[in-house]
Chemist: 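Take a look at this one; I'll ask things after.
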Amino acid sequence: MIFTDKRALHRVATVLAMMMSAFGATAQESPEGPQEVKLDLYEPPNPTIIRPSEDPKRTVNGLALVPPIGWNSWNKFGCDINEKLVRGAADTMVSTGMRDAGYLYVVIDDCWQVGRDAQGVLVADPAKFPSGMKALGDYIHSKGLKFGIYSDAGSKTCGGRPGSQGREYQDARTFAEWGVDYLKYDWCWTGVRKAEEAYALMADALRSTGREIVFSICEWGKDRPWEWGPKIGNLWRTTTDIRNAWTGRVQFSIGMVDIVDLNEPLYARAGPGHWNDPDMLQVGNGGMANVEERSHFSLWAIMAAPLMAGNDIENMDARVREILLNKEVIAIDQDKLGVQGHRVRDDGDLEVWSKPLADGSRALVLFNRGAQPAEIATEWAELGYPAKMSAEVRDLWAHKSLGRKVGSFSATVPSHGVVMVRVTP
Ligand code: GLA
């Protein structure tokens, strides 16, 4: 990418610094306190470590050919979850039309588990999930939705609940018995575990159940999961957690646009069955203005990101609903070609993004990070089209045709906003 503006360079430097400091201090703290770091120039190979993705027999699981889409409990509710909330979310996904717009997975994040029984089987919190996970999964399935759950590759989850380390096959079997269709697998309390090995072990355990379970690698991008993830999981987090804010880091969480800048350069790594995951949506959680939430949703869609609503969908207002239910934007995300769009021009605060689509058209986002409204123009050549081509331009937020344009398109974009169109030759 060529930076035509000092601000763009500065932004990259800021994000790099943020990434390094974020990844230097992760959510997992050693109970023994700070560990001594040994700087060995040569590390002898450890014969017990196998690099599974280098195993030529490893194959993809064939799932998630378009980015997973659904709802997850974490961003809004954290550990404050129960079966009533989850059933309510499933009901709402049907009654609001979210299911029919494509939202399929109902994912229960951390804190559903309280321990293990005498046989070592994971036990759901009986006070919060009195009917049990099998019944909850059945309910979700009865609504035409799919059931997602959360565990961790370490001894404990990030919320301090039992992790799956050493119990991978047992837990995978439990999840399959409950009817789980999607596993988000976190990276807290993993000590010196090697990420690729840990995730491959759970991938194999899931595969051994015979059930189709989408595997979501939540390793925060620490060990470059985009390099080893495609034959192990279906999506991998590329960053630390998303904050309910436009920008800025607080502890382990960074703002929406900071995540965009970390996820965008990885576009070539994504494709059908294996997606970069810039974390779940904060749309409707109140930390961003409506115009910023539209930008968030548009950028996630053009990046072919998993679209996991992370808000209180039962109580969302019309403006939030209009964002999450924008079927024309969802269609860009879910496009079968499965190419992650990216920035084709970066003029500091003003950016042009493009994503090729299966029918030969392009999604186009004009994004204004600046404090003032601004005119942003693009030429077809930037989108990989012939310079003088004529194309139909459809505004995906106004839901109307802007007519045919020859060679270029420009629009006035509000501060922190986008104009998102579909360009069809
Ligand atoms: C980590 C993950 C989050 C969430 C929490 C749960 O921070 O990155 O997405 O799952 O753990 O404790």
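Any value given below was found using the heavy atoms of this structure, including those in side chains, with hydrogens, waters and symmetry copies removed. In listed order, ligands and their atoms are each counted from 1. No experiment lies behind these values; they were computed from the predicted model shown.
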Chemist: For Lys184, take its heavy atoms, then give the atoms of ligand 1 lying under 4.0 Å from any of them.
Modeler: 3 (C), 4 (C), 9 (O), 10 (O)
Chemist: Please identify which atoms of ligand 1 are closer than 4.0 Å to at least one heavy atom of Gly159.
Modeler: 12 (O)
Chemist: Need the ligand 1 atom indices (1-based, order shown) with element for anything under 4.0 Å from a heavy-atom of Cys218.
Modeler: 2 (C), 8 (O)
Chemist: Is Asp204 salt-bridged to Arg58, cutoff N-O under 4.0 Å?
Modeler: yes
Chemist: Within a distance under 4.0 Å of any heavy atom of Trp220, pick out the atoms of ligand 1 and give their elements.
Modeler: 2 (C), 8 (O)
Chemist: Please check if the distance between the ring centroids of Phe147 and Tyr182 is under 6.0 Å.
Modeler: no
Chemist: Can you list the atoms of ligand 1 that are under 4.0 Å from a heavy atom of Asp109?
Modeler: 4 (C), 6 (C), 10 (O)
Chemist: Can you check whether Trp353 and His342 have ring centres sitting under 6.0 Å from each other?
Modeler: no
Chemist: Decide whether a cation-pi geometry holds between Lys156 and Trp189; the criteria are a distance under 6.0 Å from NZ or CZ to the six-membered ring centre and an angle within 45° of the ring axis.
Modeler: yes
Chemist: Any donor-acceptor pair under 3.5 Å linking the side chain of Arg193 with the backbone of Ala153?
Modeler: yes
Chemist: Pick whichever of Asp110, Asp277, Asp279 has a heavy atom sitting closest to atom 12 (O) of ligand 1.
Modeler: Asp110
Chemist: Going by an N to O cut-off under 4.0 Å, is there a salt bridge joining Arg319 and Glu293?
Modeler: no
Chemist: Of the side chain and backbone of Phe252, name the one, both, or neither that has a heavy atom under 4.0 Å from an atom of ligand 1.
Modeler: neither
Chemist: Quick one: does ligand 1 sit under 4.0 Å from the side chain of Thr240, the backbone, both or neither, non-hydrogen atoms only?
Modeler: neither
